[in-house]
Amino acid sequence: MISKADPLRVLHEVFGYDRFRGAQEAIVRHVVEGGDALVLMPTGGGKSLCYQVPALCLDGLTLVVSPLVALMRDQVEALRQLGVEAAALHSGVPLAERRLLERRLDQGDLRLLYVAPERFQADGFLDRLERWRPVLFAIDEAHCVSQWGHDFRPDYLALSVLHQRFPEVPRIALTATADRRTEREIVQRLDLGQGRVFRASFDRPNIHLSVTIKDNPKRQLLEMIRTRHQGQSGIVYCQSRAKVDDLAAWLSAQGVAATAYHAGLDADERSRRQDRFLAEDGLVMVATIAFGMGIDKPDVRFVAHVDLPKSFEAYYQEIGRAGRDGDPAHAWMAYGMDDVARTFAQIRNGEGDDDKKRSDRHKLASLLGYAETARCRRQVLLSYFGEELAQPCGNCDVCMVPVEDYDGTEHAQMALSTIFRTGQRFGAGHVIDVLVGNRTERVAQLHHDELSVFGVGRALTAARWRSILRQLAALQLVVVDVDGHGGLQLSETVRPVLKGERRIALRVDPTRAKARSDRPRDDHPLSGGEQETFAALRRWRMSEARAQGVPPYVIFHDATLAAIARTRPRSLRQLAEIPGVGATKLERYGDGVLAALEESA
Ligand code: ADP
Ligand code: ZN
């Protein structure tokens, strides 16, 4: 009879947590009982525990397949900090070390072994694995098996061999990819038809969602960081390498600790900068989308987009890197007319047949609808991913600073007619001059002051018209920059609007002053004194991390330090009550924490 430890006890003693989150408990019990499972959970949802707890309940070796060395390294370090025997096996491990590791495996000394999928092609690996008598297989980032998805890894296809060779060993596959097509492909390719699918909600309620209309994006970003995220870690996404370098340098000059990351840097430099981001508290990483996969840093407090991402899916994946630790975090995007024009042009000039382009345009339009919405952003976001949120979330900019929307059909007609009458050749600036009746030199020269539309829109400000034109572009009624000169044209879909058969809802952007009151919700802010204690604990953690050469968050998460700052435990026994303080960490760090508290008193 094989002994099985109790999952709740493992959770408490090893990880220092009191209870499972959401579906974790059901998943863990199912796997411990020998069932196969596919787990679909958003980034930060707590997937790792779904296989790590079973691994420690079962008596034997758990093999974890993971696509990236950086991910393995992080996970192994975090487990070692918890006192769990874990190791990684990949091509970067020197031969001598590998031999040593294999010896330990032969002796049954390890509980978790992380391997890259390429391992299965290596000579004799499956035979050795048989010797090590695995009790569980975990397949992380399981969407890599999908040829349709964006992270396809051919080596993942070979993983079906696991089930053929070890039919009695349970398997758990995990991914943060939500769509049904990928789900079906995983089940089929990994032969998980007999298993259970656990689909969690894809909501990340701790991430505050906000979208700002661009006027001076650099300044807006700086203000956002200074007023809401001073000294915190964040990621800023830009489209081009040049812009990344420029923005990082500018932020640094403004006194924000920032560095840049993109595919134009050589591999060594990239990994140095990535390591720096992981190792430091409060560094801002300005990056292209080349940065992200494998970034498991739990305390990224904000993800900012200064350029529009290419799809809703990409956006959701990118903002998912914020707030994995469950603490308040912020997804901030600045967006404007240029983004609309540029992104549609990219699709037009990009690869793929008409079908692909139509689908890309549709995805982009959904993202623009989200940017321009007057409804709760989370409701819009989740409904795109097939989930309904019954109530407005209370943690997005629209919920916090309500946006007025109205029947803007008449305004849309005015704008569309003006574009038509001026010949569909001019940019927003000139069109607005005509709308509000601004007799500029150019207007006079072109005799546009003699048009019937001259001044029809004088009841609204130029800024309002700018917003309206942007919304019409987002609705694909207006096409921007077909010929590269920034001119506005009408699309084929305007006819019903001009005839009044299609009503158009428009929003009134909140004023800047109003928009300032939008900020991430923090239900448990630290008081002044607690802040100081928290800062002292972070300094202690930093010196501890430096001494060991590990990222600070593998020692304790911010949430744990914040709880310690709040309760100021006076003994090891009181400290053990704090979530995130398991037995091993208590033994290793308990005295250090109590001393740091003593000093900051
Ligand atoms: P994912 O792999 O799904 O992105 P992780 O496994 O990294 O998410 O977990 C995200 C964070 O949530 C981690 O910091 C983890 O320690 C924390 N966490 C997970 N489960 C629990 C739990 N039951 N109680 C408290 N914290 C948890
Ligand atoms: Zn909301």
Side-chain angles (χ1 to χ4, degrees), residues 7-8 10-12 14-28 39-53 64 66 68 71-72 74-75 77-79 81-82 138 140-143 172-178 198 200-211 292-300 317 320-327 329 331 370 373-383 389-403 518 520-521 551-561 563 578-582 585:
L8 256 173
V10 169
L11 182 74
H12 188 71
V14 179
F15 295 88
Y17 296 137
D18 287 342
R19 56 187 83 84
F20 284 107
R21 261 194 209 157
Q24 276 176 340
E25 181 156 18
I27 296 165
V28 166
V39 173
L40 306 147
M41 230 185 231
T43 308
K47 284 186 288 300
S48 328
L49 284 189
C50 296
Y51 66 84
Q52 289 171 348
V53 172
V64 187
S66 172
L68 283 177
L71 282 176
M72 294 186 209
D74 239 41
Q75 295 271 1
E77 187 51 51
L79 285 165
Q81 289 286 337
L82 296 168
D140 207 2
E141 312 288 348
H143 62 281
I172 173 171
L174 312 103
T175 178
T177 302
F198 295 87
S201 163
F202 270 72
D203 190 14
R204 298 280 311 282
N206 64 312
I207 302 182
H208 179 80
L209 305 169
S210 62
V211 178
M293 170 95 152
I295 303 302
D296 250 344
K297 188 174 165 64
D299 53 2
V300 174
Q317 193 172 40
R321 292 171 188 143
R324 278 172 187 253
D325 54 12
D327 277 3
Y370 166 83
T373 188
R375 283 175 61 207
C376 165
R377 287 201 203 276
R378 201 174 310 274
Q379 287 182 321
V380 176
L381 183 78
L382 289 175
S383 93
L389 187 66
Q391 298 296 322
C393 75
N395 193 23
C396 73
D397 56 345
V398 185
C399 281
M400 287 197 163
V401 184
V403 168
D518 167 55
R521 189 176 67 192
Y553 52 80
V554 300
I555 295 182
F556 283 122
H557 280 180
D558 281 354
T560 302
L561 294 190
I578 308 271
V581 184
K585 289 195 175 173

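Counting starts at 1 for both ligands and their atoms, in listed order.
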Mark yes or no for whether [X], through its side chain, and [Y], through its backbone, hold a donor-acceptor pair below 3.5 Å.
X: Arg375; Y: Val380; value: no
X: Gln24; Y: Gly46; value: yes
X: Arg377; Y: Asn395; value: no

Need the list: ligand 1 N/O atoms against protein N/O atoms, distance under 3.5 Å, rounded to one decimal.
residue	atom	partner	partner atom	Å
ligand 1	3 (O)	Gly45	N	3.4
ligand 1	3 (O)	Gly46	N	3.1
ligand 1	3 (O)	Lys47	N	2.9
ligand 1	3 (O)	Lys47	NZ	2.8
ligand 1	4 (O)	Gly44	N	2.6
ligand 1	4 (O)	Arg324	NH1	3.0
ligand 1	6 (O)	Lys47	N	3.3
ligand 1	6 (O)	Ser48	N	3.0
ligand 1	6 (O)	Ser48	OG	2.6
ligand 1	8 (O)	Gly46	N	3.2
ligand 1	12 (O)	Arg21	NH1	3.1
ligand 1	12 (O)	Arg21	NH2	3.2
ligand 1	14 (O)	His557	ND1	3.3
ligand 1	16 (O)	Tyr17	OH	2.8
ligand 1	20 (N)	Gln24	NE2	2.9
ligand 1	23 (N)	Arg19	O	2.9
ligand 1	23 (N)	Gln24	OE1	3.1
ligand 1	26 (N)	Arg21	NH2	3.4

Q: Before giving the answer on side chain to side chain contact (heavy atoms under 4.5 Å, CB included), spell out for Ser66 and Gln75 the whole-Å C-alpha distance, their side-chain angles and the decisive distance to 0.1 Å.
A: CA-CA 10 Å; Ser66 172; Gln75 295 271 1; over 6 Å; no
Q) Does a side-chain heavy-atom distance below 4.5 Å link Ile555 with Gln81? A) yes
Q: Compute the angle centred on the Zn ion (ligand 2) spanning SG of Cys399 and SG of Cys393, and express it rounded to 10 degrees.
A: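 Between SG of Cys399 and SG of Cys393, at the Zn ion (ligand 2), the angle is about 120°.
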Q.
Is the terminal nitrogen or CZ of Lys297 (NZ for Lys, CZ for Arg) located under 6.0 angstrom from the six-membered ring centre of Tyr553 and within 45° of that ring's axis?
A.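 No, Lys297 does not sit over the ring of Tyr553.
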